[in-house]
Amino acid sequence: MTTIADLDELALAMPQATKEVSDDGRPAYFVHGKLFCFHRGRRADAVDPETGERLEDVLMFRVADLDVKELMLADDRGIFFTTPHFNGYAAVLMHIPDLARLDREELGDLVAEAWLTRAQKRVAKAWLDEHGPGEE
């Protein structure tokens, strides 16, 4: 069971990762100035299906490619989702409360995958050499 605090710790443990916080307190994680994970603001394309209210609790994670995205969206637990805004874009969304449905290792893998999509090749290679291909 993980939380935003775990996400923060895992994301900032990645080499050269930085964090920016929006004026309303939403974190965004970068490597070399490239976004790999963030807490989205309210958008018209992400609404609660029951109330129609814009969702405020959405995280975005970059993924390696659209095939990985499709695999994650097919997860039987229904943790990951997308919106029309992300059609054709290698990223998945999840509700912050669903972090509790992931264990720390799974969240770490999700963060590492997102980070690897944006890190410089030499930095990513050095990290993979140290952590092995199982972390990819």
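Note that these values count all heavy atoms, side chains included, but never hydrogens, waters or copies made by symmetry.
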Do [X] and [Y] have side chains that approach each other closer than 4.5 Å (heavy atoms only, starting at C-beta)?
| X | Y | value |
| --- | --- | --- |
| Cys37 | Val111 | no |
| Glu70 | Asp67 | no |
| Leu99 | Met94 | yes |
| Leu59 | Asp98 | no |
| Val63 | Phe80 | no |

>> One pair to check against side-chain contact (heavy atoms from CB on, under 4.5 Å): Thr2 and Leu7. What are the steps and the verdict?
In response: CA-CA 8 Å; Thr2 59; Leu7 172 61; over 6 Å; no

Kindly work out whether a path of hydrophobic side-chain contacts (I/L/V/M/F/W/Y, heavy atoms less than 4.5 Å apart) joins [X] to [Y].
| X | Y | answer |
| --- | --- | --- |
| Leu73 | Leu66 | no |
| Phe61 | Ile4 | yes |
| Tyr89 | Phe30 | yes |

Without swapping roles, check the side chain of [X] against the backbone of [Y] for a donor-acceptor pair under 3.5 Å.
| X | Y | result |
| --- | --- | --- |
| Asp75 | Met72 | no |
| Arg101 | Arg77 | yes |
| Arg40 | Val58 | no |

Please tabulate, for the side chains in residues 11-19, all donor-acceptor contacts under 3.5 angstrom to protein atoms that are two or more places apart in sequence or on a different chain.
| residue | atom | partner | partner atom | Å |
| --- | --- | --- | --- | --- |
| Gln16 | OE1 | His32 | NE2 | 2.5 |
| Lys19 | NZ | Asp8 | OD1 | 2.7 |

> With Arg122, which residues qualify under salt bridge (Lys or Arg N to Asp or Glu O under 4.0 Å), at least two apart?
Replying inline: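 None.
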
>> side-chain contact (heavy atoms from CB on, under 4.5 Å) for Ile79 and Val92? Distances and angles first, verdict last.
In response: CA-CA 10 Å; Ile79 293 173; Val92 294; over 6 Å; no

> Do the rings of His131 and Trp127 sit parallel, tilted or perpendicular, given the 30° and 60° boundaries?
Replying inline: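 His131 and Trp127: parallel rings.
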
>> Using 30° and 60° as the class boundaries, would you call the ring planes of His95 and Phe81 parallel, tilted or perpendicular?
In response: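 The arrangement is parallel - the two ring planes meet at less than 30°.
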
>> The test is side-chain contact (heavy atoms from CB on, under 4.5 Å); show your working for Phe86 and Met60 and say whether it passes.
In response: CA-CA 10 Å; Phe86 285 95; Met60 187 277 307; 3.8 Å; yes

Specify the closest pair of heavy atoms between [X] and [Y], including all atoms of both residues, with the distance to one decimal.
| X | Y | answer |
| --- | --- | --- |
| Lys69 | Ala91 | CE-O, 3.1 Å |
| Leu35 | Arg62 | O-CG, 3.7 Å |
| Asp65 | Val68 | OD1-N, 2.9 Å |

> After noting the C-alpha distance and the side-chain angles of Trp115 and Val123, does the key distance pass the side-chain contact (heavy atoms from CB on, under 4.5 Å) rule?
Replying inline: CA-CA 11 Å; Trp115 177 87; Val123 176; 3.7 Å; yes

